[in-house]
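Residue numbers start from 1 in every chain, and the chains themselves are labelled A, B, ... in the order their sequence lines are given, proteins ahead of strands. The analysis underlying the following values was restricted to heavy atoms, covering all of them including side chains, and did not include hydrogens, waters or symmetry mates.
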Protein chains: 2
Amino acid sequence: MCIHGRYFVCSFFHAMKYKVSAPKDPSSDRFILSKGHAATILYAAWAEAGLFPKSELLNLRKIDSDLEGHPTPRLNFIDVATGSLGQGLSVAAGMAYVGKNIDKASYRTYCLIGDGESAEGSIWEAMHFAGHYKLDNLVVIFDVNRLGQSEPTALQHDVETYRKRADAFGFQAIVIDGHNIEEIVRAFDEAAATKGKPTAIIAKTFKGQGLDGVSDHENWHGKPLGDKAGSIVKNIEERIAGNVPATIAESPVEDAPVVSIKNIRLSSVPAYKKGETVATRVAYGTALMKLAQNNSRVIGLDGDTKNSTYSEKIKKVSTHNYIECYIAEQNLVGVAIGAACRDRTVAFCSTFAAFFTRTFDQIRMGAISQTNINCVESHAGVSIGEDGPSQMALEDLAKFRTIPGCTVFYPSDAVSCERACELAANTRGICFIRTSRPATVVIYNNEALFQVGKAKVVRENPGDKVVLIGAGITMHEGLKAADTMATNGIHVCVIDPFTIKPLDADTIRSHTLRVGGKILTVEDHYPEGGIGESVACALSTDANIIVKRLAVNEVPRSGPPEVLLEKYGISSNCIVNAVYNLLQ
Amino acid sequence: MCIHGRYFVCSFFHAMKYKVSAPKDPSSDRFILSKGHAATILYAAWAEAGLFPKSELLNLRKIDSDLEGHPTPRLNFIDVATGSLGQGLSVAAGMAYVGKNIDKASYRTYCLIGDGESAEGSIWEAMHFAGHYKLDNLVVIFDVNRLGQSEPTALQHDVETYRKRADAFGFQAIVIDGHNIEEIVRAFDEAAATKGKPTAIIAKTFKGQGLDGVSDHENWHGKPLGDKAGSIVKNIEERIAGNVPATIAESPVEDAPVVSIKNIRLSSVPAYKKGETVATRVAYGTALMKLAQNNSRVIGLDGDTKNSTYSEKIKKVSTHNYIECYIAEQNLVGVAIGAACRDRTVAFCSTFAAFFTRTFDQIRMGAISQTNINCVESHAGVSIGEDGPSQMALEDLAKFRTIPGCTVFYPSDAVSCERACELAANTRGICFIRTSRPATVVIYNNEALFQVGKAKVVRENPGDKVVLIGAGITMHEGLKAADTMATNGIHVCVIDPFTIKPLDADTIRSHTLRVGGKILTVEDHYPEGGIGESVACALSTDANIIVKRLAVNEVPRSGPPEVLLEKYGISSNCIVNAVYNLLQ
């Protein structure tokens, strides 16, 4: 237990308040091991605290053991998976924000960060956030052990620079000798007494401290001790003074009762008129507001785009239900994951679709963390128009589709968008909702029912020749195309998939077989990984089905939305031509 | 031109050295507008400098004009696209690093950052990098105008905090009134005279300064002036003293001659023995070294994983060919993009496959930037074993496949991996090479020829019943399966796609038709967006072809690689079973 630091032992056994009988009790202090590769120390601490037999530690990294190479919530004492560096502090900050401002409870949050990972920008996004919101219930420990994986860190043992950085980001910064128990205990006590700002404990340490021939030496990262093991283990055993079990300092104050986040409904049914035009992003704002009216644990988070994504509507219910995360999207998602931990909130985080791209690693790790968050993006695809390609997400469906267990909603009108939000609030795992910038026609009755994995057949006719599948803006282009073709006596079956993952392959298949085996997909997305690939692959084991796909095949440019839809081959005209080609 | 700051005008007309006749001359100073939404000021400056007629400015954001909503290299004076905030400084730092350490030339690099985007972690990754490498040829201007898009920034006009942060990250920090020309000029002069550290000019400004009813007011971000336009334009015109054309201060020192990055070959052919085992990541290191031996402009960049990706081998050629970027992957890719600008280097950046996930937005923007970089990842998929899911990239093929023009290599042995690197060095655009952690058998002769978009038929027999497609570790599982089945008289055609994008659909199709229409794909990747979807979609308009796909269908856990391959359904046994099922 000596390798990764006495500060950890001190935080765990001296400073933290928790119950071994209920490791994730909502009132207990939280601990995030951002440097997940130090998992062994965390496992050892919980074994020492009595959560499971110490003999279990010998099953580390075996296929049948939950003591994996890096921590995951398969273990009942882990809130989130770590191991992709730099992500833990955002999660911890989200927990601390909720503790201070939503739970208004006594629990505190601790986060242990490696010095190597402190080069990650996401750490500084989280520092900025925690400093700005004065999260004095948050303690960050920087383990400054000087050595990275392949060479020394950039700052090595320059603890003064860490101190200056933490101070400049709004933290109380305390520099200590990380091997001196008294200094460590004093620092935690000082942190607990500090009001108005979070605390950063900068602990100067030596990697492998006390291990002869290893301490402060390079090339020992993640490596077994080999032939040094015998003498080192013997030495450690000699230094362990007796075998007195560690005790936990204090029980938590029970002031964060369990809250209900089940069965959250819109406070009123959608109220649109068929045929009126409403952007799905506006409907998202309305739905978020209605969900928060129904359950005060529904929160919105945004990265300074709330007036474009319409997440700002939730502030009409209560400003306490909204967390402004400014322009720092990795932290936005990390804070949402932290806020959702232990079922304290139902978090909806939103920004422009393109800007979610840089949160992919947080979302990937979110799935490993078994998180329960909702990501809502506006401004997808070329239909955003003049702002140009930097603001056009055209790979977002591919990204979210890869995530195990992710539910991918792509509502095509305001009614279905409100219902997508309601379903997302009640669907575990990561939910993703793609909304669009332009106003589009309301096509469903307010009473229409929607389910995850159930498509809607929007138009059908006994003489249909092709199944046409679009979503969002391309659903409306598809309907226009269908109207045009119908005047020429060509009928197509138009299907709204509603969720791209899971995809309603059964409905698509049955209508495709009915029309003779031909499908046309059309999407405001690159060809890879979106609706077309999803449909083609769902039916790839069906012989005699042909899937033709229309998508955006190159980096687009700025211009009016309707011109871009035409130029990049996904307008109603392009659909008509593609159907005619399919029928030849 | 007054809206986005006089500091910009001063840098452009006073401090910078460039030739209007050759906006991207290698010896000229560089300017990156990280806050790409201020594109209009950049366009106006180049028009003022005489690059194109001022009348062209009226075509802003029109479909036929390259004056897009945010800058892109469709314009001959733009190095990289900006508009996804927080990315410009990494690119600028890459340019400055190359200028100082590789070109050893006089040109300087300027980067204008918004205060809103300075909440992005990628900014602080770049600050850390520039400070660590003492890039005194880099000047960063923070435009502290207090207002974000939807509300004031977190720090508003707290320039002292910006100063402290810049100082703590190793910059000379100069706070100025951003509307005072004399202060601005003095700051640029001071920056030019500073040695040993980069300079940050913290400019306190007012958004919309001088515009009556707009200056320092919220809700004007990105909005036309509406009925205020007339009076405001009149007021500006009155304040323009005469119509004297601006002049450029000085011509650049011509000390960065054009270099050749064409026709870069391995310094020696691959030298393996068929049947020996070599990890493709090791072959990558060897290839990188051989390419650098052949052309001194080949560089390697890594994020403290060089001893695992084997990029460290390039240091044997020269330490000048390697840039350590520490654990900050967004900046790693941004620096590579900067280093590749104006064809100064051929950049290979590497890290663990999983950690490239958080660079997705840099890569997305890289494509819009028409960049020419190579991304090489090791440790893909469950075959990494005991480290667990946080370290297993299972969505990386999906990510890179979406990128327009991206070439996706997935070599299956050491010979083909070396050739993939050689091809990547000579292929414009973003190239991506997926390497594996475990040692695998060399299957090709050293003389084998490889081409982008050309698959290799590794095994074929007149009696083949199925086409089997794998890559990397699953190619070897496939070959084992083929051996097993052959002993039972069942023959399969094994195809190595070599590049997943572009995919050699013709070869796959012709062999599939030969064997009777059945394909089995197997990949160490999630089912979405990888090899299986690529193959299924390439053949989705071919009736009578069935594609069955094996992939990793859930978040995996830690364990020995061979156990994980079996558990997640992509081992040789699973392949045998799937083939038998296909044949029933």
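- In terms of the side chain to side chain donor-acceptor pair (under 3.5 Å) criterion, residue partners of S90(B) (sequence neighbours excluded) are, by chain and number, N331(B).
- Comparing E329(B), K567(B), M127(B), Q370(B) by how many heavy-atom pairs each has under 4.5 Å with chain A, the most go to E329(B).
- Of the listed residues (A119(B), A328(B), G114(B), S118(B)), the greatest number of heavy-atom pairs within a distance under 4.5 Å of chain A belongs to A119(B).
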Worked check of side chain to side chain contact (heavy atoms under 4.5 Å, CB included) between R165(B) and H128(A): CA-CA 11 Å; R165(B) 291 184 184 181; H128(A) 181 65; 2.9 Å; yes

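- Under the 6.0 Å distance and 45° angle rule, R358(B) does not count as a cation-pi partner of F360(A).
- Comparing K62(B), E160(B), Q391(B) by how many heavy-atom pairs each has under 4.5 Å with chain A, the most go to Q391(B).
- For chain A, the nearby part of S65(B) is the backbone; its heavy atoms alone come within less than 4.5 Å.
- Across D387(B), I546(B), V555(B), the residue that shares the most heavy-atom pairs under 4.5 angstrom with chain A is D387(B).
- Between chain A and the options S558(B), G559(B), G83(B), heavy-atom pairs under 4.5 Å are most frequent for S558(B).
- In terms of heavy-atom pairs under 4.5 Å with chain B, the best-connected choice from R401(A), K164(A), H132(A) is R401(A).
- Here D542(A) pairs with R509(A) under the salt bridge (charged side-chain N to carboxylate O under 4.0 Å, His left out) rule; sequence neighbours left out.
- Heavy-atom pairs under 4.5 Å with chain A peak, among G532(B), G388(B), S534(B), S150(B), at S150(B).
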Should T402(B) and L394(A) be marked as a side chain to side chain contact (heavy atoms under 4.5 Å, CB included) after you check the CA-CA gap, both sets of side-chain angles, and the distance that decides it? CA-CA 8 Å; T402(B) 63; L394(A) 289 157; over 6 Å; no

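- The nearest pair of heavy atoms linking P527(A) to V552(A) is CD-O, 3.1 Å.
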